[in-house]
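Report on the following structure.
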Amino acid sequence: MASPLALAYDPSPLQDFCVADKASNVFVNGQVCKDPAMVSAGDFAFSGLQNAGDTANPFGSKVTLVDVKAVPGLNTLGVAMARLDLAAGGLNPPHTHPRATEILTVVEGEMFVGYLDTNGTLFAKVLHKGDVFVFPKGLVHFEFNFGDCPAFGIAGLSSQNPGLVRVADSLFGASPAITDEVLAKAFRIDAGTVQRIKAQFATKK
């Protein structure tokens with residue numbers, strides 16, 4: 001007896017392209033297609049990944065995402081990419097992409113990267129120039145530059161709109177806020193500590 005197998009990914013294209021129509025007010029799972037007669041080569045292009053991202057922030061990191069919002073021609077094609085810049089000591093904080101697996105290639109420098117599986121097991125490795133690492137879809141992961149020089153990498157993502165959930169921001173910077181009692185019990189800390197942590201994320205939006 002064969003069992004049915006259901007796979008959920010970005011929708012497969014049924015035509016050559018479906019360039020996102022940013023002017024449309026229609027809400028669909030993805031983006032509405034632009035009139036093919038109005039499509040140009042510019043709808044499939046992006047410029048700027050050669051430029052280092054601005055890492056002058058508390059984390060010392062910058063992600064430049066090239067998704068369907070940046071390249072309308074990615075609509076229905078199930079892929080996106082990003083440039084990750086890390087200053088010396090920079091961190092891309094623990095986060096997830098709920099709709100995408102990520103594959104990261106280090107272009108310059110070194111990165112300590114890792115992810116946690118659903119059993120809480122950490123899979124981590126130091127990557128050097130030219131090394132590649134995969135972060136499975138939806139799992140919490142991070143990248144850290146422990147070196148003395150800036151590092152950057154290029155990532156591929158298996159969705160036109162991979163999504164981003166930063167763990168700390170989501171819990172301590174939620175709007176409306178998660179109650180202090182819930183966070184205090186979850187992290188086994190007191191309410192005063194929760195409030196001090198929340199204050200660090202109050203301006204995230």
* Only one of Lys34, Gln160, Gln31 clears side-chain hydrogen bond (donor to acceptor under 3.5 Å, both in side chains) with Asn75; which? -> Gln160
* pair Val106-Phe133: side-chain heavy atoms closer than 4.5 Å -> no
* Same hydrophobic cluster for Leu84 and Leu49, using side-chain heavy-atom links shorter than 4.5 Å among ILVMFWY? -> no
* Under 4.5 Å between any side-chain heavy atoms of Pro72 and Lys22, yes or no? -> yes
* Look only at the side chain of Asn119 and the backbone of Thr121, and say whether a donor-acceptor pair between them is shorter than 3.5 Å. => no
* Asked: Does Phe112 share a hydrophobic cluster with Leu91, counting links as ILVMFWY side-chain heavy atoms below 4.5 Å and allowing steps through other members?
  -> yes
* To do: Please indicate whether Asp148 has more than 12 foreign heavy atoms, meaning atoms of other residues, nucleotides or ligands, lying under 6.0 Å from its CG.
  => no
* **Min side-chain heavy-atom separation Lys198-Asp180 under 4.5 Å** => yes
* If we only count heavy atoms from C-beta on, is the Leu86 to Ser61 side-chain gap below 4.5 Å? -> yes
* Asked: Do you know which two heavy atoms are closest between Ser24 and Val32, and how far apart they sit?
  -> OG-CG2, 3.6 Å
* With side chains defined as the heavy atoms from C-beta onward, is the minimum distance between Met111 and Leu104 less than 4.5 Å? -> yes
* Nearest non-hydrogen partners of Ala100 and Ser158, listed with the distance -> CA-OG, 3.5 Å
* Asked: Going only through I, L, V, M, F, W and Y residues with side-chain contacts under 4.5 Å, is there a path from Val194 to Phe201?
  -> yes
* Asked: Does the His97 side chain pair with the main chain of Gly163, one donor and one acceptor, at a distance under 3.5 Å?
  -> yes
* Asked: Are any side-chain N or O atoms of Thr55 and backbone N or O atoms of Gly60, one a donor and one an acceptor, separated by less than 3.5 Å?
  -> no
* **Results of side-chain contact (heavy atoms from CB on, under 4.5 Å) for Phe187 - residues two or more places apart only** => Leu171, Phe172, Leu183, Ile189
Quick one: side chains of residues 122-130, donor-acceptor pairs under 3.5 Å with protein atoms, not counting sequence neighbours, listed by atom name and distance.
| unit_1 | atom_1 | unit_2 | atom_2 | d |
| --- | --- | --- | --- | --- |
| His128 | ND1 | Glu110 | OE2 | 2.9 |
| Lys129 | NZ | Glu108 | OE2 | 3.4 |

* Asked: Do you reckon Ile154 sits in the same ILVMFWY cluster as Ile103, going by side-chain contacts under 4.5 Å, direct or chained?
  -> no
* Quick check: does any side chain N or O of Gln195 sit under 3.5 Å from a backbone N or O of Thr193, one acting as donor and the other as acceptor? -> no
* Any idea which heavy atoms bring Gly147 and Asn145 closest together, and the distance? -> N-OD1, 2.9 Å
* Asked: Atom CG in Leu116, atom CG in Leu139: separation rounded to 0.5 Å?
  -> 8.5 Å
* Mind checking whether Phe17 and Leu77 have side chains closer than 4.5 Å, heavy atoms only? -> no
* Are more than 12 heavy atoms from other residues, nucleotides or ligands located less than 6.0 Å from atom NZ of Lys62? -> no
* Please tell me if the side chains of Glu102 and Tyr115 come closer than 4.5 Å, counting only heavy atoms from C-beta onward. => no
* Asked: How are the rings of His141 and Phe135 set to each other: parallel, tilted or perpendicular (split at 30° and 60°)?
  -> parallel
* Gap between atom CG of Asn161 and atom CG of Asp67 - 0.5 Å precision -> 6.0 Å
* Asked: With respect to Met81, which candidate in Leu157, Leu74, Val66 satisfies the side chain to side chain contact (heavy atoms under 4.5 Å, CB included) definition?
  -> Val66
* Structure fact -> Between Pro94 and Val140, the two heavy atoms sitting closest are CB-CG1, 3.9 Å
* Asked: Are any of the side-chain heavy atoms of Glu143 and His95 separated by less than 4.5 Å?
  -> yes
* Asked: With hydrophobic residues grouped by side-chain heavy-atom distances under 4.5 Å, do Val71 and Leu65 end up in a single group?
  -> no
